[in-house]
Amino acid sequence: MKKNNSGSELPVADNSKHYSFFQDVWDVVRQIPEGRVTTYGAIASYLGTKSSARMVGWAMNSSFMVSPKVPAQRVVNRAGLLSGKAHFATATLMEELLQKEGIQVEADKVVDFGKVFWDPAIELKT
DNA sequence: AGTATGACTCATT
DNA sequence: AAATGAGCCATAC
């Protein structure tokens, strides 16, 4: 039931399921349009809620070393807080990247979060 | 091998 | 409504 419309078709590894999970997360994040953000829970939910949203965070932690860049700055927690900013190169990098894309950030929180929220389950469903 | 922790979220208090 | 507890599952120690 996993369909990768973006191109990188991972044949749903029968055994190493967690591996494909990371790949799927990165794929979804890469498809987030500029100026939009999504949440860990939304991604986890889109992928089947099988794993907790925490695993999406772990996937992000590894996202820095994957080949195509993953716009991890566009992934925030459910409240719109930049919970992962501490994990970027600098404490302000995440906020800077978001603002550069047109997303207003105030007090480590995405302004108009409800407007810029991008739900893969809705926008990416197929 | 068992415990602790975390880029989370939801239910309950 | 804010705070707390519990579920979540892979890594780290």
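Atoms considered below: every heavy atom in the structure, side chains included; atoms not considered: hydrogens, waters and symmetry mates. Below, read A as the first sequence line, B as the second, and so on, with proteins coming before strands; counting in each chain starts at 1.
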What is the distance from [atom1] of [X] to [atom2] of [N], rounded to the nearest Å?
X	N	atom1	atom2	answer
Gln23(A)	dA10(C)	CD	C1'	17 Å
Phe117(A)	dT9(B)	CZ	C1'	13 Å
Leu47(A)	dC8(C)	CG	C1'	15 Å
Asn61(A)	dT11(C)	CG	P	10 Å
Met55(A)	dT5(B)	CE	P	16 Å
Phe113(A)	dT9(B)	CZ	C1'	13 Å
Phe21(A)	dA10(C)	CZ	C1'	10 Å

Got a second to check how far [X]'s [atom1] is from [Y]'s [atom2], nearest 0.5 Å?
X	Y	atom1	atom2	result
Leu93(A)	Gln73(A)	CG	CD	7.5 Å
Leu82(A)	Leu98(A)	CG	CG	5.5 Å
Tyr46(A)	Leu124(A)	OH	CG	4.0 Å
Phe22(A)	Met60(A)	CZ	CE	9.0 Å
Ser83(A)	Arg78(A)	OG	CZ	13.0 Å
Ile43(A)	Trp26(A)	CD1	CH2	12.5 Å

Could you pull out every donor-acceptor pair under 3.5 Å between side chains of residues 113-120 of chain A and any protein atom, sequence neighbours left out?
from: Asp119(A); atom 1: OD1; to: Ala121(A); atom 2: N; distance (Å): 3.0

Note, Val37(A) side chain near Ile103(A) side chain (heavy atom, < 4.5 Å):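 Touching, per the 4.5 Å side-chain cut-off.
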
Side-chain touch Arg30(A)/Lys69(A), heavy atoms, less than 4.5 angstrom: no

DNA chain B contacts among residues 78-105 of chain A, heavy-atom distance under 4.0 Å: Arg78(A), Ser83(A), Gly84(A), His87(A), Phe88(A)

Within residues 66-77 of chain A, residues whose heavy atoms come under 4.0 Å of DNA chain B: Ala72(A), Asn77(A)

Short N/O separations, protein against nucleotides 5-7 of chain C, under 3.5 angstrom:
from: dG7(C); atom 1: O6; to: Arg54(A); atom 2: NH2; distance (Å): 3.0

Nucleotide nearest Tyr40(A) (side chain, heavy atoms from C-beta), chosen from dA7(B), dG6(B), dT11(C):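 Looking only at side-chain atoms, Tyr40(A) lies closest to dA7(B).
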
Residues forming a salt bridge (charged side-chain N to carboxylate O under 4.0 Å, His left out) with Glu101(A), sequence neighbours excluded: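 If we apply the salt bridge (charged side-chain N to carboxylate O under 4.0 Å, His left out) test to Glu101(A), skipping adjacent residues, the hits are Arg74(A).
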
For Asp108(A), all residues meeting salt bridge (charged side-chain N to carboxylate O under 4.0 Å, His left out), sequence neighbours excluded: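 Counting only residues at least two positions away or on another chain, Asp108(A) forms a salt bridge (charged side-chain N to carboxylate O under 4.0 Å, His left out) with Lys85(A).
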
